[in-house]
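Note that these values count all heavy atoms, side chains included, but never hydrogens, waters or copies made by symmetry. In this text the structure is predicted, and so the values were computed from the model without any measurement. Numbered from 1 within each chain, the chains take letters A, B, ... in sequence-line order.
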Protein chains: 2
Amino acid sequence: MARVNRLFMASSRKARLYGGMDAEERRTERRLKLIDAAIEVYGEVGYRSATVKAICEAAELTERYFYESFANSEALLIAAYNHVVGHLHEEMTAAAAAAGDDAEARLHAALTLYFTRLKEHPKPARVFLLEISGISPAVDAVKLDAGRVFSDILVPPVLDAKHGDRGAAATLLSTGMVGAVISIALRWVSKQYPQTVEDVVAIAASFCRVALTDLRLR
Amino acid sequence: MARVNRLFMASSRKARLYGGMDAEERRTERRLKLIDAAIEVYGEVGYRSATVKAICEAAELTERYFYESFANSEALLIAAYNHVVGHLHEEMTAAAAAAGDDAEARLHAALTLYFTRLKEHPKPARVFLLEISGISPAVDAVKLDAGRVFSDILVPPVLDAKHGDRGAAATLLSTGMVGAVISIALRWVSKQYPQTVEDVVAIAASFCRVALTDLRLR
DNA sequence: GTTATCTGACAATAAGGATTGTCAATTCTG
DNA sequence: CAGAATTGACAATCCTTATTGTCAGATAAC
């Protein structure tokens, strides 16, 4: 337990260095290596067949460090998912913001970024499009939340929470929109990108437009 | 091996009867019981935690009969999926046909049937909405095919295969449409049907309309 | 250089479930 | 009824992987 060390340290003294890194830095570095390795391995063989051992080998670490950072495989899946998706969502948000105020332009920008990244990184793509379904309630919850965020980026929630009564219907619209975009993405990826990013974005956008206009009319 | 018996039979002689049933009848009956039990158990605990033993108990059969009808758990999942979805698709097709020639009316009829059944049978719903993702390439293929059928029912393929060049884009439209409908269904089911069937159908229909009109414009 | 800490390799353990095999009881055929 | 086929219960085996534990060697601090 690293905690024991703390007892001997004044509040801000650093732990012993290894490889120039403090104990906590080393730990987070290992954690990151595990997440990267997990994405790699999931991309190769899928989450279900990805063993702890295989991931550790890919990360050039031993099992011990797996359990140092994660309680179990599922925790790593969630961490990997959040890692990839969190970053992607940040970028999408930024892209949307950079596109100005026009809803249509923002939508186009966010989707373009989404599909561009998807094409650039096929393996992470697999993690967050496919591997994440139906593993466990905890994982489903994570996915659900990511979907909500995704939706809010594409079509900022003007009415979502406000119109209590209509809120539920709005949720279904968002859900449908995200489902359409993700399904399109999944197919596009698994067929190895037969269309240009532009073309796919155009198709995805038409589904988003449904949600956009329907939400306004309500 | 039941085959050995055949050697002693003239071409059409029946096998020994048990419980009034011929060997093959008994076998198919057991197969069906296993499929029903599987749907039940998947609905309770999910495919991943559904053990062969539990399914056999639910079917009131022993493991031996599991392996008589299925090579492994995955085979049973596929059979259960096809069983449920095949039936559903038949009904949807019939409903669409009964609704006449108007595309909009047919769409409405098919969707109404879909969501109605979904509400009537929560457990099968779980099997074919959720459990089926990312198990294995074989299972994914089955799902993909079901999606195609589903799409063809909702929006009959006027242009799909014909316009070779545009075919790929049409596929993405269908994919998006089915993805939207299924995502909506999934959410609706998991929130325990907060809206009326009518309302959900209306929302789902608006996504289908995108595909419908876009496919015509191409 | 000595000592405490950290690391890597790997053994040991544990657990869960699939798949196969055995055998006695049951049900049919003649 | 006698004999063969069929069934049900359940044990035995086999595998796979997660998880924990051990230990010798490497690394940094003093």
Side-chain angles (χ1 to χ4, degrees), chain A residues 1-10 13-31 33-34 37-38 41-42 45-77 135-136, chain B residues 1-10 13-31 33-34 37-38 41-42 45-77 135-136:
Chain A
M1 295 291 155
R3 221 167 294 152
V4 177
N5 286 332
R6 301 275 163 78
L7 295 173
F8 297 100
M9 283 186 268
R13 202 141 116 255
K14 292 239 171 133
R16 177 180 200 168
L17 299 182
Y18 257 71
M21 283 182 281
D22 151 334
E24 200 178 315
E25 289 171 329
R26 295 196 302 276
R27 216 165 45 70
T28 47
E29 157 122 346
R30 287 192 289 261
R31 191 187 140 91
K33 283 181 81 173
L34 282 167
V41 175
Y42 296 160
V45 305
Y47 169 70
R48 266 162 217 90
S49 332
T51 65
V52 170
K53 198 178 175 190
I55 291 170
C56 292
E57 272 167 16
E60 298 175 298
L61 291 171
T62 61
E63 291 97 318
R64 179 208 310 205
Y65 295 112
F66 180 93
Y67 294 101
E68 175 194 52
S69 286
F70 305 99
N72 50 46
S73 306
E74 193 180 307
L76 174 53
L77 174 64
I135 306 286
S136 80
Chain B
M1 295 288 156
R3 222 167 293 152
V4 177
N5 286 331
R6 300 278 163 76
L7 295 175
F8 296 101
M9 283 186 267
R13 200 139 118 254
K14 294 237 169 130
R16 181 179 197 168
L17 299 182
Y18 258 70
M21 284 182 280
D22 154 333
E24 200 177 315
E25 287 170 329
R26 294 195 306 275
R27 214 164 47 69
T28 48
E29 158 124 345
R30 285 192 291 260
R31 192 188 140 91
K33 282 182 82 173
L34 283 167
V41 175
Y42 296 159
V45 304
Y47 169 70
R48 267 162 217 90
S49 330
T51 65
V52 171
K53 197 178 175 189
I55 291 170
C56 291
E57 273 167 15
E60 300 176 294
L61 291 171
T62 58
E63 290 98 317
R64 180 207 312 203
Y65 295 112
F66 180 94
Y67 294 102
E68 176 195 52
S69 286
F70 306 100
N72 50 47
S73 306
E74 192 182 309
L76 174 53
L77 174 64
I135 307 284
S136 79

Length of the line joining F70(A):CZ and dT19(D):C1', which is rounded to integer Å: 16 Å
Nearest heavy atom decides the nucleotide; on that basis, is G19(B) or T51(B) closer to the 5' end of DNA chain C? T51(B)
Closest to side chain of T62(A), choosing from dG8(C), dG17(C), dT7(C): dG8(C)
Can you tell me if T28(A) uses its side chain to pair, donor with acceptor, with the backbone of E25(A) under 3.5 Å? yes
Spell out yes or no: do the side chain of Y67(B) and the base of dT19(C) have one donor N/O and one acceptor N/O closer than 3.5 Å? no
How close or far is atom C1' of dG30(C) from atom CG of L17(B), stated in whole angstroms? 14 Å
Any donor-acceptor N/O pair under 3.5 Å between dA28(D) base and R16(A) side chain: yes
Nearest whole angstrom, please: distance from the P of dT22(D) to the CD of E63(A). 16 Å
Rounded off to whole Å, could you give me the CG-to-P distance for the N72(B) and dG17(C) pair? 17 Å
Considering every strand and a 4.0 Å limit on heavy-atom distances, what is the contact class for R64(B): base, sugar-phosphate, or nothing? base
Less than 3.5 Å between a donor and an acceptor, one on the side chain of Y18(A) and one on the base of dT7(C), is that the case here? no
Would you kindly give the NZ-to-P distance between K33(A) and dT7(C), to the nearest whole Å? 11 Å
To the nearest Å, how far apart are F66(B) CZ and dT20(C) C1'? 14 Å
Just the rounded figure in Å: distance from C1' of dT6(D) to CD of E68(B). 11 Å
Would you mind reading off the distance between R30(A) atom CZ and dT7(C) atom P, rounded to a whole angstrom? 4 Å
